[in-house]
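Each remark here refers to the structure printed beneath this line.
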Amino acid sequence: MRKEYDFSKGKRGAVIKSPGKTRITIMLDNDVIEAFRERAEKLGIGYQTAINEALRQHLKQDHEPLTVEKLREVLREELHA
């Protein structure tokens, strides 16, 4: 090791930036984090990747509010099937 290092051109933060990603701080319940860690370990991926995938799947779902009209439509379709 050197006796002295020159950090005059050094920058704070992540050494390698990840394109398309943003670092945030988020508070999650311990049981949620533990569940994702266990799931991720079984899948052989990182728990943050597992959380990201779960959020993506949730965003892809159709989240139309269930109205009386929609419920009637679904029931009619099922009854006629």
Do you reckon [X] sits in the same ILVMFWY cluster as [Y], going by side-chain contacts under 4.5 Å, direct or chained?
X: Leu79; Y: Leu71; answer: no
X: Val68; Y: Leu75; answer: no
X: Ile26; Y: Phe36; answer: yes
X: Ile51; Y: Ile33; answer: yes
X: Val32; Y: Ile24; answer: yes

State whether the side chain of Asp6 and the backbone N or O of Ser8 hold a donor-acceptor pair below 3.5 Å, judged by distance alone. yes
Does Glu41, at its CD atom, have more than 12 non-hydrogen atoms belonging to other residues, nucleotides or ligands within less than 6.0 Å? no
Point-to-point distance, once rounded to the nearest 0.5 Å, from CZ of Arg37 to CD of Gln48: 9.0 Å
Heavy atoms, side chains only, cut-off 4.5 Å: are Asn30 and Glu34 in contact? no
